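The next block holds one structure in the form of structure tokens; read it before the comments.
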Amino acid sequence: MVVEGLPDIYRHGPRLSEANYPEVLVSRAVTDGAALELVLYPDEGNKRVSVGLDQLLPGKSYRAPGAVTQDLLADPFGRSTLIVDLQGRQEVRIVPA
């Protein structure tokens with residue numbers, strides 16, 4: 001990556017833009033250019049949290065299996081907020097609808 005730079009899928013695919021640390025511990029946030037895979041943990045106990053997403057396609061609908069808000073709509077700037085119930089390890093995949 002130092003020599004060739006970031007691949008296009010990382011520069012343009014969906015991205016986790018905000019998570020309130022240490023309330024939300026992120027162990028995985030990987031995009032394939034169209035979808036985003038997250039693995040999140042709570043810092044302690046069970047809790048409902050919100051996390052920010054960006055680099056989505058503006059105005060596009062997304063599905064988020066594993067989250068409370070399973071239907072998302074990207075705003076005109078390609079951003080959205082996802083609500084997740086963390087009860088230990090929680091996997092969430094954000095995919096175009």
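The structure presented is a predicted model; accordingly, all values stated were derived computationally and were not measured. These values consider heavy atoms only, across backbone and side chains, with no hydrogens, waters or symmetry-generated copies.
No donor-acceptor pair under 3.5 Å is formed between the side chain of Q70 and the backbone N or O of P65. A donor-acceptor distance shorter than 3.5 angstrom exists from the side chain of T31 to the backbone of G33, with no hydrogens or angles considered. The closest donor-acceptor contact from the side chain of Q87 to the backbone of K47 lies at 3.5 Å or more, if one exists at all.
Contact check for L86 versus D43: no side-chain heavy atoms found under the 4.5 Å cut-off. Using a 4.5 Å heavy-atom cutoff, the side chains of Y62 and L56 are in contact. Side-chain contact between V30 and D32 is absent, with no heavy-atom pair separated by less than 4.5 Å. No side-chain heavy atom of R15 sits under 4.5 Å from any side-chain heavy atom of L36. Inter-residue side-chain proximity for L82 and L72 is flagged as met; some heavy-atom pair is nearer than 4.5 Å. Looking only at side-chain heavy atoms (C-beta outward), T81 and V51 stay at 4.5 Å or farther from each other. Within the 4.5 Å cutoff, the side chain of V68 has no heavy atoms near those of the V84 side chain. At a threshold of 4.5 Å between non-hydrogen side-chain atoms, the residues I83 and V49 do not count as touching.
Note that the OG atom of S27 and the CZ atom of R89 stand 6.0 Å from one another [nearest 0.5 Å]. With rounding to the nearest 0.5 angstrom, the CG atom of D54 is 10.5 Å from the OG atom of S80.
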Derivation and outcome, side chain to side chain contact (heavy atoms under 4.5 Å, CB included), residues R93 and L38 = CA-CA 6 Å; R93 183 168 168 84; L38 300 174; over 6 Å; no
Could you walk me through whether N46 and D85 pass side chain to side chain contact (heavy atoms under 4.5 Å, CB included), step by step?
-> CA-CA 7 Å; N46 300 334; D85 282 337; over 6 Å; no
Run the side chain to side chain contact (heavy atoms under 4.5 Å, CB included) check on E91 and E37 step by step: do they pass?
-> CA-CA 7 Å; E91 293 182 22; E37 294 180 7; over 6 Å; no
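More than 12 heavy atoms of other residues, nucleotides or ligands sit less than 6.0 Å from atom CZ of R63. In E18, the CD atom is not crowded: 12 or fewer heavy atoms of neighbouring residues, nucleotides or ligands sit closer than 6.0 Å.
With sequence neighbours excluded, no residue forms a salt bridge (charged side-chain N to carboxylate O under 4.0 Å, His left out) with K60. Residues passing the side-chain contact (heavy atoms from CB on, under 4.5 Å) test with P58: none are found, sequence neighbours excluded.
In the hydrophobic clustering, L25 connects to Y21, V39, Y41, either directly or through intervening members, whenever side-chain heavy atoms lie under 4.5 Å apart.
The shortest non-hydrogen separation linking A34 to P14 is O-CG, 3.4 Å.
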